[in-house]
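One structure is given below, encoded as structure tokens.
Residue numbers start from 1 in every chain, and the chains themselves are labelled A, B, ... in the order their sequence lines are given, proteins ahead of strands. Keep in mind that what you see is a predicted model, and the values were worked out from it rather than measured.
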Protein chains: 2
Amino acid sequence: MIDGKWKLPIICTLGDQTMRFNELKREIVGITSMMLTSSLKELEECGIVHRESYHEVPPKVEYSLTDGGLSLTPILFDLGHWGHKLNTTKEKVNE
Amino acid sequence: MIDGKWKLPIICTLGDQTMRFNELKREIVGITSMMLTSSLKELEECGIVHRESYHEVPPKVEYSLTDGGLSLTPILFDLGHWGHKLNTTKEKVNE
DNA sequence: CAGTATCCGGACAGATACTG
DNA sequence: CAGTATCTGTCCGGATACTG
């Protein structure tokens with residue numbers, strides 16, 4: 001569901017903010033327009049990301065997490081903690 | 001870290017049990033020896049899975065989750081719950 | 001029983017160039 | 001600004017056959 005290399009970085013970067021396309025692109029180092037576009041589209045289809053498009057010139061599109069997406073972040077936070085703890089434990093063993 | 005198609009199924013199947021190679025292979029539908037071997041090896045290197053090998057004939061190898069691996073399961077459980085809730089919400093919207 | 005060796009196809013990430 | 005189109009290479013997963 002959140003597969004692909006960039007979904008997690010996007011969700012974490014977005015957090016509780018509302019960001020525009022190029023803001024995200026600048027924040028997420030190494031991502032290309034293509035990857036960002038396709039990842040955002042999939043996240044939107046999953047109901048994780050909300051997309052607000054203003055039909056203006058120049059175009060303006062804002063992305064934010066839906067409630068569903070927001071409810072994922074604490075779990076991701078736990079997961080991050082778990083990964084960190086696991087690594088420090090491993091380092092201790094290696095010493 | 002837990003990428004690849006089979007890591008999660010393996011962790012979930014293992015749970016708090018100790019299982020042998022072919023037990024896992026039988027339980028996890030569709031997995032091949034290769035995938036199971038390589039996934040188990042990576043999980044072992046991450047410190048998630050413990051491997052106990054008895055040098056007998058016929059060979060006997062038992063796999064179980066380490067404490068680190070066990071501490072992951074509740075998070076995975078939350079994640080599963082989250083995914084489920086997200087889907088049911090989406091279905092409601094589609095109705 | 002518990003793997004290893006080898007080959008193969010397809011999906012995906014990335015680079016580049018272009019557009020409304 | 002916010003994307004799309006196209007091409008390309010790589011790597012992962014899968015099938016099959018073999019082994020201590």
Give a yes or no answer on whether the side chain of [X] reaches the backbone of [Y] with a donor-acceptor pair at less than 3.5 Å.
X     : Y     : value
A/S39 : A/L36 : no
B/W82 : A/G68 : yes
B/K7  : B/D3  : yes

Within a reach of under 6.0 Å around [atom1] of [X], are more than 12 heavy atoms found that belong to other residues, nucleotides or ligands?
X     : atom1 : result
B/K85 : NZ    : no
A/K41 : NZ    : no
B/N87 : CG    : yes

Scan residues 6-17 of chain B against DNA chain C and write down, sorted by residue number, each residue with any heavy atom closer than 4.0 Å; if none is found, say none.
none
Under 4.0 Å from any atom of DNA chain C, heavy atoms only: list the residues of residues 23-53 of chain A that qualify, in numerical order.
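Listed by number, they are A/T32, A/M34, A/M35.
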To the nearest 0.5 Å, what is the distance between OG1 (B/T73) and CG (B/D78)?
10.0 Å
Please round to the nearest 0.5 Å and tell me the distance separating atom CG of A/L70 and atom CD1 of A/I11.
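Between atom CG of A/L70 and atom CD1 of A/I11 there are 10.5 Å.
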Considering residues at least two apart in sequence or located in another chain, which fulfil the side-chain contact (heavy atoms from CB on, under 4.5 Å) criterion with B/Q17?
B/M19
Would you kindly confirm whether B/F77 and B/L43 end up in one hydrophobic cluster when ILVMFWY residues are joined by side chain heavy atoms under 4.5 Å apart?
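They do not share one cluster, since no chain of ILVMFWY contacts under 4.5 Å joins B/F77 to B/L43.
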Name the stems that DNA chain D belongs to, where each is three or more consecutive Watson-Crick or G-U pairs with both distances under 3.5 Å?
C:1-20 with D:1-20
Going by salt bridge (charged side-chain N to carboxylate O under 4.0 Å, His left out), name the residues that satisfy it together with A/K25, two or more places apart in sequence or in a different chain.
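So A/K25 forms no salt bridge (charged side-chain N to carboxylate O under 4.0 Å, His left out) with any residue.
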First contact, last contact: which nucleotides of DNA chain C are these for chain B, 5' to 3', heavy-atom distance under 4.0 Å?
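Extent of the interface on DNA chain C: C/dC1 to C/dT6.
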